[in-house]
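Structure, as structure tokens:
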Amino acid sequence: MSDRVLLVTGASSGIGEACARAAASAGYRVALLARRVERLEAVAEDLGGPERALAIRCDVNVWEDQRDAVGTVLERFGRLDAAFANAGFGARRGFLEESPEHWHDMVLTNVYGAALTIRASVPALRESHGHLFLTGSVAGRKVGPGSLYACTKWAVTAMAEAARTDLQGTGVRVTLLAPGVVDTAFYDDPVEGEQLTVSDVADAFVFALSRPAHVDVNEIIIRPTIQEF
């Protein structure tokens with residue numbers, strides 16, 4: 001896998017960073033996308049610098065940013081073998097919580113941003129018979145009271161299946177990675193007991209990424225053992 005290339009959105013921390021690091025350890029060159037370019041540059045340097053890792057500032061809600069990021073990857077690395085639409089964030093439950101502005105940004109990032117990652121990366125993935133990943137959630141299968149965040153993740157669950165059927169026959173594989181509670185700053189109300197770590201999620205990511213070309217792991221739901229929801 002030493003010459004293969006992975007693009008990850010939301011790669012400056014959490015699951016995105018952990019999956020990029022795991023893929024780099026498996027021999028992938030990586031393109032790290034996020035708005036926090038200073039953090040991206042530190043991670044890219046740690047992963048081998050510009051020959052092995054690119055730090056690209058990208059707002060996933062801006063089509064030109066995503067289009068140009070893929071163009072930069074192709075220009076610098078010559079190919080794209082996997083793309084991970086991972087960028088996203090949550091909101092407190094309750095339809096009287098958060099602000100409309102927060103909702104607006106969350107829905108755009110979690111849904112529209114993921115769709116733009118697909119649109120930007122699919123032509124190159126068709127060329128390489130590559131692999132598309134999306135970050136879903138257990139909340140994309142079960143809805144908590146008043147959770148608009150869960151609604152966005154149900155949309156991403158549907159998006160993964162829509163992409164899979166749209167790409168049928170092209171050789172492109174599609175995987176939805178749907179974790180439960182992970183020990184990151186993303187969760188302000190964790191379950192009691194031992195949480196998943198970002199490394200646990202990255203292990204699942206690399207498992208799907210490393211299957212032979214005729215095996216398409218369509219969905220991985222991964223929870224901490226103690227999680228009931």
Nearest-0.5 Å distance that lies between atom [atom1] in [X] and atom [atom2] in [Y]:
{"X": "Leu134", "Y": "Thr157", "atom1": "CG", "atom2": "OG1", "answer": "9.0 Å"}
{"X": "Cys58", "Y": "Leu7", "atom1": "SG", "atom2": "CG", "answer": "8.0 Å"}
{"X": "Ser12", "Y": "Arg57", "atom1": "OG", "atom2": "CZ", "answer": "11.5 Å"}
{"X": "Leu176", "Y": "Ile221", "atom1": "CG", "atom2": "CD1", "answer": "8.0 Å"}
{"X": "Leu54", "Y": "Leu40", "atom1": "CG", "atom2": "CG", "answer": "10.5 Å"}
{"X": "Gln168", "Y": "Asp216", "atom1": "CD", "atom2": "CG", "answer": "8.5 Å"}

Locate the shortest heavy-atom distance separating [X] from [Y]; write the atom from each residue and the value.
{"X": "Leu132", "Y": "Ser121", "answer": "CD1-OG, 4.3 Å"}
{"X": "Tyr112", "Y": "Asn61", "answer": "CE2-O, 3.4 Å"}
{"X": "Val181", "Y": "Gln227", "answer": "N-OE1, 2.9 Å"}
{"X": "Ala202", "Y": "Cys19", "answer": "CA-SG, 3.8 Å"}
{"X": "Val198", "Y": "Ile15", "answer": "CG1-N, 3.9 Å"}
{"X": "Pro179", "Y": "Val182", "answer": "CB-CG2, 3.9 Å"}

Looking only at atom types and distance, does a side-chain atom of [X] sit under 3.5 Å from a main-chain N or O of [Y], one as donor and one as acceptor?
{"X": "Thr152", "Y": "Val111", "result": "no"}
{"X": "Trp103", "Y": "Tyr149", "result": "no"}
{"X": "Ser147", "Y": "Val143", "result": "no"}
{"X": "Thr9", "Y": "Asn86", "result": "yes"}
{"X": "Arg223", "Y": "Phe229", "result": "yes"}
{"X": "Asp200", "Y": "Thr197", "result": "yes"}
{"X": "Ser210", "Y": "Phe207", "result": "yes"}
{"X": "Arg52", "Y": "Gly27", "result": "yes"}

Is there a side-chain contact between [X] and [Y], using heavy atoms and a 4.5 Å cut-off?
{"X": "Glu17", "Y": "Arg39", "result": "yes"}
{"X": "Phe205", "Y": "Leu6", "result": "yes"}
{"X": "Asp183", "Y": "Glu194", "result": "no"}
{"X": "Leu148", "Y": "Val107", "result": "yes"}

Query raised in the report: So, are Arg164 and Glu161 salt-bridged, with charged N and O less than 4.0 Å apart?
Result: yes
Query raised in the report: Are Arg79 and Asp3 ion-paired here, with the side-chain N under 4.0 Å from a carboxylate O?
Result: no
Requested in this report: Would you sort out whether Gln66 and Thr117 count as a side chain to side chain contact (heavy atoms under 4.5 Å, CB included), showing the intermediate values?
Outcome: CA-CA 6 Å; Gln66 296 232 41; Thr117 302; 2.8 Å; yes
Treating Ile, Leu, Val, Met, Phe, Trp and Tyr as nodes and any side-chain heavy-atom pair under 4.5 angstrom as an edge, say whether [X] and [Y] lie in one connected cluster.
{"X": "Leu47", "Y": "Leu209", "answer": "yes"}
{"X": "Ile56", "Y": "Phe77", "answer": "yes"}
{"X": "Val201", "Y": "Ile220", "answer": "yes"}
{"X": "Val60", "Y": "Phe89", "answer": "no"}
{"X": "Val138", "Y": "Ile222", "answer": "no"}

Report task. Kindly indicate, with the supporting measurements, whether the criterion side chain to side chain contact (heavy atoms under 4.5 Å, CB included) is fulfilled by Val122 and Leu167. Result -> CA-CA 9 Å; Val122 155; Leu167 293 167; 3.9 Å; yes
Hey, is [atom1] on [X] packed in by over 12 heavy atoms from elsewhere, all under 6.0 Å?
{"X": "Arg35", "atom1": "CZ", "answer": "no"}
{"X": "Glu127", "atom1": "CD", "answer": "no"}
{"X": "Arg211", "atom1": "CZ", "answer": "yes"}

Requested in this report: Kindly determine whether His131 and Arg4 satisfy side chain to side chain contact (heavy atoms under 4.5 Å, CB included), including the steps that lead there.
Outcome: CA-CA 11 Å; His131 202 150; Arg4 294 182 181 177; over 6 Å; no
Requested in this report: Before giving the answer on side chain to side chain contact (heavy atoms under 4.5 Å, CB included), spell out for Lys153 and Thr135 the whole-Å C-alpha distance, their side-chain angles and the decisive distance to 0.1 Å.
Outcome: CA-CA 8 Å; Lys153 289 304 180 180; Thr135 296; 4.3 Å; yes
